[in-house]
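Residue numbering restarts at 1 for every chain, and letters A, B, ... go by the order of the sequence lines.
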Amino acid sequence: MEPKLPYDKTSPKSILSYAQNLQDKSLVDVLGPEIVQTYKGKGKLGQLLEELYFQYKPNSNSEPDFKEARVELKTSPIKKISKGFVSKERLVFNIINYLEEHKEQFRTSSFWKKNHLLLLMFYLYEQETIDLKYVFKIIRLWQFPATDLKIIKDDWEAIIKKIRDGKAHEISEGDTLYLGACTKGADHNSLRPQPFSDERAMQRAFSLKSKYLNYIIEKSLLKEELVIDYEEYDKILGENIVSEPSSYLRVNFGDAEPVVKTIYDYKRGETFEELINRKFAPYFGLSEVEIFDKLAIADTHSKSKFFLLSREIIKAILGVTKNKIEEFEKADIEMKTIRLEAKGSLKESMSFAQIKFKEIIHEEWENSYWYSTLTKRFFFVVFQKDHDCYILKRVLFWTMPPGDLKIAKDFWLDTKAKIESDDYNHFIKISDNRICHVRPKGANSKDVMETPTGRLEKKKCYWLNSSYIRQVVS
DNA sequence: GCATGATCATGC
DNA sequence: GCATGATCATGC
């Protein structure tokens with residue numbers, strides 16, 4: 001006889017309402033302080049929740065945690081910043097089995113079977129606290145809105161295509177928009193075989209990007225309910241699914257005023273990136289003045305006018321009004337404009353954020369600003385000089401290849417070491433030809449920042465060399 | 001002509 | 001108020 005559970009394990013709503021008893025509380029608050037003695041140091045929060053609170057043993061990998069209700073339990077840390085709460089890290093799903101996953105379609109994939117309905121429990125991370133004392137701030141069921149599911153399915157297919165092409169070792173988180181393939185394993189020696197190449201690939205897991213989680217967190221705190229358009233689900237998942245026995249569970253959300261986001265007018269088989277490309281096309285060949293005119297907005301004298309203009313084009317083609325473009329935010333896409341000379345060369349290198357002297361010395365490469373920036377998906381808008389104006393030539397999405405990332409890592413290690421030894425005069429220069437370089441970036445030459453040793457130094461920032469960008473866009 | 005240092009409009 | 005996304009200016 002199984003013990004009687006305090007919830008109905010076949011019902012997502014019952015599981016949710018039991019979980020919600022933890023709202024603004026920790027496991028210790030609910031189960032009593034004596035659990036600290038017994039369970040301190042025994043497993044991570046997710047595992048402790050399963051065993052102590054939901055009272056089940058973690059089950060087989062291929063099924064959701066609550067298999068009868070088909071609900072997968074996920075815990076994830078959030079942190080407080082001045083503007084509210086944001087995700088602390090990406091949400092990691094199941095490990096990608098390179099040898100098996102490629103045999104499936106999205107609908108039958110390990111990712112979708114396990115993760116189509118999530119019970120998300122966000123807790124407030126505090127450095128000095130043990131897992132049992134973390135306080136849960138957001139507890140909710142989550143299904144992906146159809147417009148996001150479309151992108152997630154394309155992401156899954158992009159990852160699978162790399163496996164099928166024998167390039168599992170070249171997968172990067174920047175390859176995809178919402179669903180990433182993040183590295184997973186104690187160290188980089190966790191190499192796994194792949195089916196179509198002898199090269200062993202780093203172990204990876206499906207994951208949701210931190211910026212996507214911010215979107216879930218924001219919607220949840222605003223109590224904004226999303227209504228899932230299940231007709232679109234059917235179109236995305238497969239044409240005959242309506243007549244098939246339901247292979248996934250549909251859950252209606254709460255009673256709040258629904259927000260339905262209509263899905264973009266994709267052409268058959270088109271990805272989000274292809275859609276952006278197609279919608280940009282009518283602007284190709286136009287000068288900056290013509291585009292300002294076409295969009296009926298005033299020209300500016302800002303040094304970032306091509307950036308501002310590009311953003312306005314995206315807003316126009318997607319029919320949105322906010323400067324923060326939802327898909328670009330959630331996918332953490334880095335938009336950059338590139339101005340080519342008439343002959344195709346680049347006059348300027350590409351600048352990034354200031355180097356925070358006091359922070360970089362505490363960073364490791366894989367949690368550094370420079371690593372997280374260079375592993376993003378980039379969106380380049382390319383203009384080219386034509387007599388006295390610039391013409392919009394084309395747009396492209398891009399991710400830095402792994403080999404170049406290694407060069408950038410050496411550059412970053414060098415920069416960090418120089419700052420640690422209080423040397424601000426011998427950073428890697430553009431003429432060193434190492435893909436990136438360091439150069440000043442401040443309001444003027446008197447704009448300074450404190451160093452770890454307590455001195456003041458001119459503000460500097462990271463740059464990608466113009467020669468490197470030229471090679472990327474040509 | 002290019003490398004390097006200096007600076008600017010915008011918007012969060 | 002200041003970081004961002006950039007471009008401008010100068011000197012070798």
Side-chain angles (χ1 to χ4, degrees), chain A residues 81-86 211 214 218 288 291-292 295 297-315 320-326 328-329 332-360 369-370 372-374 376-385 388-390 392 395 398 411 415 418 423-450 456-473:
Chain A
I81 57 162
S82 56
K83 288 181 286 181
F85 293 100
V86 292
K211 286 287 173 67
N214 286 352
E218 189 189 327
E288 77 216 68
I291 298 171
F292 273 118
L295 295 174
I297 48 174
D299 202 339
T300 105
H301 297 288
S302 168
K303 283 183 178 175
S304 37
K305 75 191 258 183
F306 290 96
F307 175 85
L308 299 171
L309 184 59
S310 302
R311 191 170 66 190
E312 291 303 323
I313 299 174
I314 300 176
K315 285 159 72 177
V320 299
T321 52
K322 285 189 194 158
N323 276 347
K324 286 190 182 294
I325 293 137
E326 190 179 308
F328 281 60
E329 287 289 312
D332 204 7
I333 294 168
E334 181 89 12
M335 181 173 85
K336 289 284 186 185
T337 54
I338 294 168
R339 284 187 331 171
L340 302 175
E341 296 296 290
K343 287 181 177 169
S345 65
L346 265 89
K347 198 147 75 180
E348 303 292 347
S349 296
M350 187 177 279
S351 76
F352 289 83
Q354 290 169 354
I355 305 175
K356 308 246 169 45
F357 302 138
K358 289 166 81 170
E359 287 177 18
I360 186 175
Y369 164 79
W370 197 226
S372 61
T373 300
L374 295 184
K376 283 184 188 184
R377 192 81 171 141
F378 280 82
F379 179 63
F380 293 137
V381 184
V382 185
F383 293 86
Q384 185 162 21
K385 190 159 189 181
D388 54 352
C389 61
Y390 283 90
L392 177 59
V395 295
W398 176 80
F411 154 83
T415 304
K418 299 247 164 76
D423 176 4
Y424 292 80
N425 297 315
H426 301 93
F427 288 123
I428 288 176
K429 297 183 288 191
I430 192 170
S431 48
D432 293 327
N433 254 312
R434 304 273 294 277
I435 292 183
C436 359
H437 66 278
V438 174
R439 244 166 66 204
K441 181 188 208 173
N444 54 49
S445 60
K446 294 181 185 66
D447 197 3
V448 291
M449 182 187 279
E450 197 176 348
L456 295 172
E457 277 288 341
K458 281 184 210 168
K459 289 178 182 170
K460 298 187 186 287
C461 81
Y462 303 92
W463 296 75
L464 282 180
N465 298 353
S466 51
S467 57
Y468 180 68
I469 301 297
R470 178 179 192 177
Q471 173 215 313
V472 167
V473 292

### Message
Test salt bridge (Lys or Arg N to Asp or Glu O under 4.0 Å) on A/Lys358 and A/Glu450; report intermediate values, then the result.
### Response
CA-CA 7 Å; A/Lys358 289 166 81 170; A/Glu450 197 176 348; 3.5 Å; yes
### Message
What is the first contacted nucleotide of DNA chain B and what is the last, in 5' to 3' order, if contact means an atom lying under 4.0 angstrom from a heavy atom of chain A?
### Response
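Contacts span B/dA3 to B/dC12, reading 5' to 3'.
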### Message
Using 0.5 Å steps for rounding, measure from the CG atom of A/Asp423 to the OG1 atom of A/Thr415.
### Response
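Going from CG on A/Asp423 over to OG1 on A/Thr415, the span is 11.0 Å.
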### Message
Let me spell it out: for each of A/Ser349 and A/Lys459, pick the nucleotide of DNA chain C with the closest heavy atom. Which residue's pick is nearer the 5' end?
### Response
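Result of the comparison: A/Lys459.
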### Task
Specify the residue among A/Ile430 and A/Asn444 whose closest nucleotide of DNA chain B lies further upstream toward the 5′ end.
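Of the two residues, A/Ile430 wins.
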### Message
Go nucleotide by nucleotide along DNA chain B from the 5' end; which of A/Ala443 and A/Ser431 gets its closest nucleotide reached first?
### Response
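By nearest-heavy-atom nucleotide position, the 5'-most residue is A/Ser431.
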#### Entry: A/Tyr369: ring pair (Phe, Tyr, Trp, His ring centres under 6.0 Å) partners, not counting sequence neighbours
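Expected list: A/Tyr462.
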### Task
Please identify each residue that fulfils ring pair (Phe, Tyr, Trp, His ring centres under 6.0 Å) with A/Phe85, with sequence neighbours left out.
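Applying ring pair (Phe, Tyr, Trp, His ring centres under 6.0 Å) to A/Phe85 gives none.
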### Message
Can you list everything that forms a side-chain contact (heavy atoms from CB on, under 4.5 Å) with A/Lys376? Sequence neighbours excluded, please.
### Response
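Per chain and number, A/Lys376 pairs via side-chain contact (heavy atoms from CB on, under 4.5 Å) with A/Asp332, A/Glu334.
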What contact category does [X] fall into here, base, sugar-phosphate, or nothing, at under 4.0 angstrom with non-hydrogen atoms?
X: A/Lys429; answer: sugar-phosphate
X: A/Ser445; answer: sugar-phosphate
X: A/Asp447; answer: nothing

### Query
Within the side chain of A/Ser466, is there an N or O that forms a donor-acceptor pair under 3.5 Å with the backbone of A/Ser349?
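It does not hold such a pair.
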### Query
What pairs with A/Asp299 under side chain to side chain donor-acceptor pair (under 3.5 Å), at least two apart in sequence or on another chain?
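Counting only residues at least two positions away or on another chain, A/Asp299 forms a side chain to side chain donor-acceptor pair (under 3.5 Å) with A/Lys305.
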### Message
Which label fits A/His437 and A/Trp463: parallel for a plane angle under 30°, tilted from 30 to 60°, or perpendicular past 60°?
### Response
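Ring orientation of A/His437 relative to A/Trp463: parallel.
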### Task
Please work out which residues in residues 337-347 of chain A have a non-hydrogen atom less than 4.0 Å from an atom of DNA chain C and list them by number.
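A/Thr337, A/Arg339, in order of number.
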